[in-house]
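Every value quoted in this text rests on a predicted model; they were computed, and no experiment measured them. Only this structure's heavy atoms are used, side chains among them; waters, hydrogens and symmetry mates stay out.
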Amino acid sequence: IAAKGSVTIHHQMVRVALGQTGPALLPFTRYHDLCLLPTSAGSAEKAMLAETIIFGSGRPVMVAPERDLGAYDLGAVAIGWDGGSCASRAVFDALPILAKARTVTVLTASDDKPQAPSSVQRVIDYLGRHGITATHRDTRLRDGDIGHSLMASTTELGAGLLVMGAYGHSRLREFVFGGATKTVLQGPTVPVLLSH
């Protein structure tokens, strides 16, 4: 994964027992800026780990396809924007990455969740106050799935990262995800930075 300028990355390796990964890693994630989770389509265990970290750490999580981890250029970044608090948190959490990107595109899907032009302009202005120039693109909903639509648009833009809010809530003992979050956790096609 590459971006303009040099970046020093400090990391920590932790060994945990199989089946206890999420609870064992959760305390460590709270003292790091970002958790990177390689994942693959159809891996329920990896999706459950991502769920635990995203909704329990208070930190952003980047999920990425493990088959070609490291092959993405962070010089171009897309933001999935719906004007909500989780999307706003994701933009804030991604500021260090966005500041190093060559291009930043705010993606909306008006046929899924219409956005007031003022909401889009406000996030573009917010990024501008941090020295980040962003443009806007409205993407069309594909196959009724906002997650697939956002990831496909990210690829079409040549962006190496999608930034978006992670939505979910507990309904009794069942955890219910928002549509885009569920799609991404089931198998991202590009790296996705998620914040809750």
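Between L194 and M164 the shortest side-chain heavy-atom distance falls below 4.5 Å. Under the 4.5 Å side-chain criterion, counting only non-hydrogen atoms from C-beta, T154 is not in contact with T105. Two residues are said to be in side-chain contact when any heavy atoms from C-beta on lie closer than 4.5 Å; V123 and I79 fail this criterion. For the pair L25 and T52, the minimum side-chain heavy-atom distance is 4.5 Å or more.
A76 and G158 get closest at one heavy-atom pair: CB-O, 3.7 Å. Between T139 and S149, the shortest heavy-atom distance links the atoms OG1-O, 4.0 Å. When all heavy atoms of A64 and L36 are compared, the closest pair comes out as CB-CD1, 4.4 Å. When all heavy atoms of A159 and A78 are compared, the closest pair comes out as CB-N, 4.0 Å. The heavy-atom pair separating R137 from S153 by the smallest distance is NH1-O, 4.3 Å. The two residues H196 and C86 come nearest to each other via the heavy atoms ND1-SG, 3.8 Å.
Scored by the side chain to side chain contact (heavy atoms under 4.5 Å, CB included) test, L37 finds C35, L49, A50, I53, V61, V63 as partners (sequence neighbours excluded). Under the side chain to side chain contact (heavy atoms under 4.5 Å, CB included) criterion, S119 pairs with W81, Q115, not counting sequence neighbours. By the ring pair (Phe, Tyr, Trp, His ring centres under 6.0 Å) test, H136 pairs with no residue at all, sequence neighbours left out.
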Legend entry - side-chain contact (heavy atoms from CB on, under 4.5 Å) between V163 and V104, worked out: CA-CA 10 Å; V163 172; V104 175; over 6 Å; no
Inset, instruction - Please lay out, stage by stage, how M151 and L162 fare under the test side-chain contact (heavy atoms from CB on, under 4.5 Å). - result: CA-CA 7 Å; M151 289 187 289; L162 171 62; 4.1 Å; yes
Inset, instruction - Determine, step by step, whether V77 and T103 satisfy the side-chain contact (heavy atoms from CB on, under 4.5 Å) criterion, reporting the C-alpha distance in whole Å, the side-chain angles of both residues, the deciding distance to 0.1 Å, and the verdict. - result: CA-CA 6 Å; V77 179; T103 64; over 6 Å; no
Legend entry - Verdict with supporting geometry, Q186 and T39, side-chain contact (heavy atoms from CB on, under 4.5 Å): CA-CA 9 Å; Q186 288 175 344; T39 190; over 6 Å; no
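Legend: salt bridge (charged side-chain N to carboxylate O under 4.0 Å, His left out) pairs involving residues 115-135, not counting sequence neighbours: none detected. Sequence neighbours left out, the pairs with a member in residues 115-134 that pass ring pair (Phe, Tyr, Trp, His ring centres under 6.0 Å) are Y126-H130. Screening residues 25-37 for side-chain hydrogen bond (donor to acceptor under 3.5 Å, both in side chains), with sequence neighbours left out, gives Q12-H32.
Within the model, atoms OG1 of T135 and CD1 of I124 stand 7.0 Å from one another, a figure rounded to the nearest 0.5 Å.
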Kindly list each side-chain donor-acceptor pair under 3.5 angstrom involving residues 87-98, sequence neighbours excluded, with atom names and distances?
{"residue": "R89", "atom": "NE", "partner": "D93", "partner atom": "OD1", "Å": "3.2"}
{"residue": "R89", "atom": "NE", "partner": "D93", "partner atom": "OD2", "Å": "3.2"}
{"residue": "R89", "atom": "NH2", "partner": "G58", "partner atom": "O", "Å": "3.1"}
{"residue": "D93", "atom": "OD2", "partner": "S195", "partner atom": "OG", "Å": "2.7"}

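A single hydrophobic cluster is not seen to contain both M48 and L26; linkage of ILVMFWY side chains at heavy-atom distances under 4.5 Å, directly or through other members, places them apart.
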